[in-house]
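This structure is a prediction, so every number in the text was calculated from the model and none was measured. We name chains A, B, ... by the order of the sequence lines, and we start the count at 1 in each one. Values below: every heavy atom of this structure, side chains too, minus hydrogens, waters and symmetry copies.
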Amino acid sequence: MAQPTFTTHLGMVDILPGEVEKWQTIERIIREEAKKFNFDEIRTPIMEQTELIARGVGQLTDIVSKEMFAFERGEDHYVLRPECTAPVARAFVEHHLEQRGGTQNLYYIGPMFRAERPQKGRQRQFHQFGAEIMGADDPAADVDIIAFMMAIYNRIGITNTTLKVNSVGDPESRKAYKKALQDYFRPNLSKLSEISQKRFETNPLRILDSKEDEDQPFIEDAPIITDFLNDETAEHYAKVKELLNNLEISFEEDPHLVRGLDYYTRTAFELISPDLGAQDALGGGGRYDLLVEEIGGQHTPAVGFAAGIERLLIACEELGIELAEEQKLDIYIVTLGEKARKWALSHLPKLRNAGLSASIDYIGRSMKAQMKDANRENARYTIIVGENELNEGKFTLRDMKASEEESLTFEEILDQLATD
RNA sequence: GAGCUCGUAGCUCAGUUGGUUAGAGCGCCAGGUUGUGGCCCUGGAGGCCGUGGGUUCAAAUCCCAUCGGGCUCCCCA
């Protein structure tokens with residue numbers, strides 16, 4: 001096939017009719033669950049200041065160091081948002097949302113952008129939904145965030161997942177742990193992979209996340225963060241696990257779970273699916289008690305999650321979950337001749353105002369072609385309008401499924417359809 | 001940034017050791033019924049075989065390059 005003149009950019013895809021209905025279903029479920037969990041929607045711009053993302057997500061992360069779609073215009077530095085927690089935190093600070101009182105429970109749905117090589121479950125423009133609880137230090141918030149996330153997957157029917165949890169510690173615990181890790185790796189530093197050697201100084205925690213073969217034997221026996229948590233953090237983590245158990249949300253502790261965004265503190269979690277291929281994380285999140293301060297706000301402990309919609313769709317596909325029903329059209333008006341067309345155009349609004357979906361042929365096709373079209377559109381009824389019908393003031397209402405016809409006035413047709 | 005792999009009709013794909021005007025199924029359009037869909041039958045439209053170059057009497061087929069897609073590593077959703 002010859003390549004068309006214009007195509008989408010690499011890793012950016014059109015969501016076409018037939019597919020988009022699945023997205024609508026997912027979005028509807030997210031909104032319904034959000035309502036149950038008392039989360040309010042927030043919509044932030046697609047572009048943010050580059051510096052916000054750099055400071056929020058972390059200068060050394062892959063996201064910031066090599067995956068940003070960023071450009072300058074005059075004095076301004078724009079970046080297509082690669083995630084939505086930093087933008088939500090920014091909005092929180094900018095609009096003093098804490099003044100609304102209590103904690104802020106916010107959720108979002110929208111496109112994110114990262115300049116990576118696309119593969120299964122990974123696009124350059126991808127879509128996340130997520131939620132944040134801002135202003136709560138209590139483990140109850142961590143658990144409600146997880147419960148919210150799980151509720152959405154349960155509603156959709158994706159239940160064969162594994163929830164992994166860990167605590168990545170507060171700054172004090174992290175400092176102690178970082179030192180312990182460095183002490184542990186130092187004797188074997190030269191045997192580690194190149195990447196891990198680089199991370200040794202900056203962020204040794206990330207070594208634990210490495211999938212390089214040569215690192216594995218060292219990672220296995222590495223000290224684990226949970227042994228270095230201070231009392232307060234350990235207690236918080238214990239509480240989170242206890243509450244998860246109370247809610248009968250099953251989980252696995254994974255002491256090596258480290259998240260790739262720098263803002264995480266204490267609770268971290270990830271939801272894994274066996275149906276996804278190489279990119280097996282449906283969603284993940286955790287606490288980010290320091291982010292709001294980092295970007296210039298008051299100290300605001302917070303916890304959140306983000307999840308990928310494309311991956312959710314892949315999982316549904318694998319599990320054979322039907323997300324969208326066939327679209328149905330209530331009425332297709334089949335017209336024969338100019339007069340009939342005129343009649344149809346003047347009566348379409350009456351059908352539509354009555355809450356019915358209704359359509360006609362625009363391009364003067366034969367009756368047979370119109371019937372075929374009506375069939376393709378899954379029309380429940382056709383109204384057939386020709387010379388005879390116009391003269392008599394009675395129209396042929398055809399029930400497409402039953403293949404039965406009646407001759408009725410337009411008012412009678414409206415009545416009948418209204419009772420359906 | 002690196003590796004593997006694939007580019008033939010709108011879609012899914014055949015195309016035998018290089019050999020006349022490149023095929024099928026589905027889809028689309030039309031006819032079979034001058035006013036009736038789904039099933040069936042018939043016909044039609046739609047391809048410079050991703051692009052460029054080379055080898056050859058002859059290339060979808062062999063060689064080189066290039067562009068594009070998919071998957072994977074890294075990392076994340």
Any pair counted as ring pair (Phe, Tyr, Trp, His ring centres under 6.0 Å), so long as it reaches [range], sequence neighbours left out:
range                       : value
residues 14-58 of chain A   : A:W23-A:H127, A:F37-A:F148, A:F39-A:F148
residues 150-207 of chain A : A:Y177-A:F228
residues 345-368 of chain A : A:W343-A:H347, A:H347-A:F410

Provide, to the nearest angstrom, the distance between the CG atom belonging to A:N375 and the P atom belonging to B:G27.
12 Å
Rounding to an integer number of Å, can you tell me how far A:R365 CZ sits from B:A30 P?
7 Å
Between [N] and [M], how many Å separate the two [atom1] atoms, rounded to a whole number?
N     : M     : atom1 : answer
B:G25 : B:A45 : P     : 15 Å
B:A59 : B:G68 : C1'   : 22 Å
B:G47 : B:U56 : C1'   : 25 Å
B:G52 : B:A9  : P     : 16 Å
B:C64 : B:G7  : P     : 16 Å
B:U55 : B:A65 : C1'   : 15 Å
B:U61 : B:G54 : C1'   : 15 Å

What is the nucleic acid contact for [X], judged by heavy atoms within less than 4.0 Å: base, sugar-phosphate only, or nothing?
X      : answer
A:Q370 : nothing
A:G130 : nothing
A:I63  : nothing
A:D373 : nothing

So, the side chain of [X] versus the backbone of [Y]: is there a donor-acceptor pair under 3.5 Å, distance only?
X      : Y      : result
A:E132 : A:A89  : no
A:E392 : A:E389 : no
A:R55  : A:E294 : yes

Every protein N/O lying under 3.5 Å from an N/O of nucleotides 40-44 of chain B:
none

Contact list please: residues 302-340 of chain A against RNA chain B, heavy atoms, distance less than 4.0 Å, in numerical order.
A:A306, A:G308, A:R311, A:L336
Given the rule that a pair is Watson-Crick or G-U wobble with both distances under 3.5 Å, how would you write RNA chain B in dot-bracket, using | for pairs to a different strand?
(((((((..((((.....[...)))).(((((.......))))).....(((((..]....))))))))))))....
For A:R352, what residues pass the salt bridge (charged side-chain N to carboxylate O under 4.0 Å, His left out) criterion, not counting sequence neighbours?
none
Residues in salt bridge (charged side-chain N to carboxylate O under 4.0 Å, His left out) contact with A:K179, at least two apart in sequence or another chain
A:D183
Residues which pass side chain to side chain contact (heavy atoms under 4.5 Å, CB included) with A:N245, listed by chain and number, not counting sequence neighbours
A:F251
What residues form a side chain to side chain contact (heavy atoms under 4.5 Å, CB included) with A:A374, not counting sequence neighbours?
A:Y332, A:A379, A:T382, A:M400
Sequence-distant partners of A:N378, side-chain hydrogen bond (donor to acceptor under 3.5 Å, both in side chains), two or more places apart
A:E326
For A:E377, the side-chain hydrogen bond (donor to acceptor under 3.5 Å, both in side chains) test, sequence neighbours excluded, returns none
Select one nucleotide: of B:G35, B:A2, B:G37, the one nearest the side-chain heavy atoms of A:T396.
B:G35
Which nucleotide in the set B:C75, B:G69, B:C71 lies at the smallest distance from any side-chain heavy atom of A:Q279?
B:C75
